[in-house]
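Residue numbers start at 1 and run along the sequence shown. The figures that follow rest on heavy atoms only: side chains count, while hydrogens, waters and symmetry mates do not.
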Amino acid sequence: MKAVGQLAKIFLITLLILTGLLIMAWLIPETMVYDHAKEGIKLLKENEEAWEEHFTYAWGAKLDNTTDLIMLDRAVSTADKSKSIFYKAFYCNDYARYWHGYLIILRPLLSVMSYMQIRYLYMAIHMIAFVAIALKIEKRFDRKMMWGWVVSMIAVNFVALPFSLQYSWVFFIMYGVLCYIDRCYGKNRRIDSVSAASIFLVTGMLTSFIDLLTAPLLTLGIPLLYFLMIRIRLEKEVSCKRNIVMMTALSASWAAGYIGCWAMKWILAIPILKENLIAEAVMRIGVQTKGSVELGASGGENVSSSLFKALAYNVYALLPPGLTHEIELDIWMPFFVVIFICIVILAILFVRFHESTDKLISYIPIGILMLYPYLWYAVTTRHAQVHPMFTYRDQIITVMGGWIIISQCIRWSEIRKKRGQWSNEEDKYNDSLL
């Protein structure tokens, strides 16, 4: 109970800080933000069609200019000038079901920078963070895991991230949490359960405060992978049961922060906006989970959302040949063949050179964590089916987790040793022929 009380206190303090920062962001005069915001809106509207399918014209590299337009529009309030600063902060131009916490960053930036300059700044942040975390992973673990980070970021079209502000927020949170977890472990050589729960609680809150439902789960999955690897590799906590219990507790802490912070927006906004946001929010949750999907242009046929299609579209967006409009078998087939061959080779290597049973069991929590994105798609089926161009990035958890299991559960050193022996035997055979 003491731990629960401590987490509740952290929740309330964090909520107070975030709300205060949002209100402070709205203290910036509209005149300082207006020109850059409207310039960015004009730029996106004029070039929307040309930029929407930028970077290889694939689903996985598609930009979300539509949401960037929403963000820029919300940076300048349309509320009546007689309304209070609290009203503006909670109203967000009649889009009140979200916190729009990204404005604590976007409004100050727009007061001194254009939309294109912000894109350039974000590109620099992404690049620096990408390299810095790769170096931390290599130092803390090994080069094999570092390459897992690189491959995972490539899989989610890392180069496209800075060019939609919409995509960057959850990645910035993820970078920060990874660095914080690494720092906590480096300082104390352990992270106790209450501290870990606090970290994931605040992470969940930040995600719902800032993000507009892009790939929120990666702020849970990737830090949780890092934390579990610290426990398994560095703290030598190899008990599968204890790690699953810890993973479940931290996931629940993140979910409590994510859902709790979001719900507080609806509750706090009721007396300020004089509207029942809870009813609207519940309705929107129903739509985004199991609601119908409209086909064609406005007024087209509505069909029920499909979990199969949601999964297919998101997996499709993860693969390099994903086209924007149609899933064509002839494009997929070569990759199916390559993937099948890789799976067969890995299966053979695993059977022949797998680690001890105890070690394999210790990595079961990582395998469970790999399924998180698909559980998320099952819950948010309609949203995942309509927006696979950004929801697919949750699968970075699956890619990274799979790489960890492959790299840690197969005795690669023995394979290299065998390969060296085969090479020596071949040299001897060639010498005998001479």
Side-chain angles (χ1 to χ4, degrees), residues 56 58-61 134 137-138 141-158 218 221-222 225-226 228-229 232-233 238 240 308 311-323 327-375 377 392-430:
T56 75
W59 270 356
I137 291 174
E138 182 181 21
F141 300 102
D142 53 41
R143 189 164 294 179
K144 287 186 294 186
M145 189 167 163
M146 181 269 287
W147 280 113
W149 165 255
V150 173
V151 169
S152 300
M153 291 294 281
I154 291 173
V156 296
N157 269 288
F158 167 69
L218 66 84
I222 297 300
L225 273 174
Y226 199 85
L228 286 173
M229 287 304 295
I232 295 170
R233 288 280 304 276
V238 295
C240 176
F308 175 78
L311 294 174
Y313 292 167
N314 280 272
V315 172
Y316 184 63
L318 188 67
L319 298 178
L323 296 180
I327 299 179
E328 299 179 6
L329 188 60
D330 59 333
I331 298 293
W332 275 60
M333 192 54 67
F335 284 85
F336 281 150
V337 173
V338 171
I339 291 170
F340 178 76
I341 292 172
C342 290
I343 290 174
V344 170
I345 292 173
L346 288 172
I348 293 172
L349 291 176
F350 182 82
V351 171
R352 180 67 181 84
F353 299 103
H354 65 78
E355 292 284 358
S356 66
T357 302
D358 289 342
K359 186 169 183 178
L360 295 180
I361 292 175
S362 70
Y363 280 89
I364 288 177
I366 304 295
I368 295 173
L369 192 52
M370 289 171 61
L371 300 176
Y372 271 32
Y374 309 107
L375 296 175
Y377 299 150
Y392 87 94
R393 287 191 170 91
D394 280 323
Q395 293 172 100
I396 190 176
I397 303 166
T398 307
V399 177
M400 185 72 181
W403 184 282
I404 289 172
I405 289 176
I406 291 169
S407 66
Q408 302 298 321
C409 294
I410 297 177
R411 296 197 301 270
W412 294 101
S413 58
E414 187 172 333
I415 294 173
R416 287 191 293 269
K417 184 179 178 181
K418 287 284 186 182
R419 189 176 62 182
Q421 292 175 353
W422 294 335
S423 178
N424 291 335
E425 290 175 2
E426 183 179 354
D427 291 339
K428 290 179 182 179
Y429 176 74
N430 292 334

S.K.: Report yes if the side chains of N314 and L318 come closer than 4.5 Å at any heavy-atom pair, otherwise no.
M.R.: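 A side-chain contact is absent here, since even the closest heavy-atom pair is not under 4.5 Å.
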S.K.: Could you tell me the separation between the SG atom of C409 and the CD1 atom of I361, rounded to the nearest 0.5 Å?
M.R.: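 If I round to the nearest 0.5 Å, the distance is 11.0 Å.
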S.K.: Aromatic ring centroids of Y226 and F141 under 6.0 Å?
M.R.: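 Yes - the distance between ring centres of Y226 and F141 falls below the 6.0 Å cut-off.
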S.K.: I need the D142 CG to M229 CE distance, nearest 0.5 Å.
M.R.: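 Spacing of CG (D142) from CE (M229) equals 7.5 Å.
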S.K.: Looking only at non-hydrogen atoms, find the nearest pair between I364 and C240 and report the distance.
M.R.: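 That closest heavy-atom pairing would be CB-SG, 3.7 Å.
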S.K.: Is there side-chain contact between W403 and V150, with heavy atoms separated by less than 4.5 Å?
M.R.: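 Sidechains of V150 and W403: no contact.
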S.K.: Roughly how far, to the nearest 0.5 Å, is the CD atom of E138 from the CH2 atom of W147?
M.R.: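 Here the rounded value is 9.0 Å.
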S.K.: What pair of heavy atoms forms the shortest contact from I406 to L346, and how long is it?
M.R.: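 Answer, listing the atom of I406 first, then L346: CD1-CD1, 3.6 Å.
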S.K.: Compare every heavy atom of S362 with every heavy atom of V238, then report the nearest pair and how far apart it is.
M.R.: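 Heavy atoms only, the tightest pair is O-CB, 3.4 Å.
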S.K.: Using every non-hydrogen atom in the two residues, find where D394 and P373 come nearest and quote the distance to one decimal.
M.R.: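 Answer, listing the atom of D394 first, then P373: O-CG, 3.3 Å.
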S.K.: So, do R393 and F158 sit near enough that their side-chain heavy atoms are less than 4.5 Å apart?
M.R.: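 SC-SC contact between R393 and F158 ruled out.
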S.K.: Can you sort out the partners of M370 under side chain to side chain contact (heavy atoms under 4.5 Å, CB included), two or more places apart, ordered by chain and number?
M.R.: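 M370 satisfies side chain to side chain contact (heavy atoms under 4.5 Å, CB included) with T398, I405 only.
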S.K.: Kindly assign one of parallel, tilted or perpendicular to the pair F350 and H354, based on the angle between their ring planes and the thresholds 30° and 60°.
M.R.: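 The arrangement is tilted - the two ring planes meet at 30° to 60°.
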S.K.: How long is the gap from OH on Y372 to OH on Y377, to the nearest 0.5 Å?
M.R.: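 With rounding to 0.5 Å, OH (Y372) is 15.0 Å from OH (Y377).
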S.K.: Give me the atom names and distance for the closest heavy-atom approach of L225 to I397.
M.R.: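 Minimum heavy-atom separation between L225 and I397: CD1-O, 3.7 Å.
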S.K.: Does any N or O in the side chain of W412 come within less than 3.5 Å of the main-chain N or O of F353, such that one atom is a donor and the other an acceptor?
M.R.: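 No, the answer is negative, given that no donor and acceptor are paired below the 3.5 Å cut-off.
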S.K.: At what distance, to the nearest 0.5 angstrom, does CD1 of I343 lie from CD1 of I348?
M.R.: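 Result: 12.0 Å between the selected atoms.
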S.K.: Please report the interatomic distance OH(Y363) to CG(L369), rounded to the nearest 0.5 Å.
M.R.: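 So the OH of Y363 and the CG of L369 are separated by 13.5 Å.
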S.K.: If every non-hydrogen atom of Q408 is compared with every non-hydrogen atom of E355, which pair is closest and at what distance?
M.R.: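 Between these two residues, the closest heavy atoms are O-CG, 3.5 Å.
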S.K.: With sequence neighbours excluded, what pairs up with I341 under the side chain to side chain contact (heavy atoms under 4.5 Å, CB included) test?
M.R.: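 Scan of I341 (side chain to side chain contact (heavy atoms under 4.5 Å, CB included), adjacent residues dropped) gives V337, I345.
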S.K.: Sort and list the pairs that fulfil salt bridge (charged side-chain N to carboxylate O under 4.0 Å, His left out) and have at least one residue in residues 396-411, not counting sequence neighbours.
M.R.: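 Only R411-E414 qualify under salt bridge (charged side-chain N to carboxylate O under 4.0 Å, His left out).
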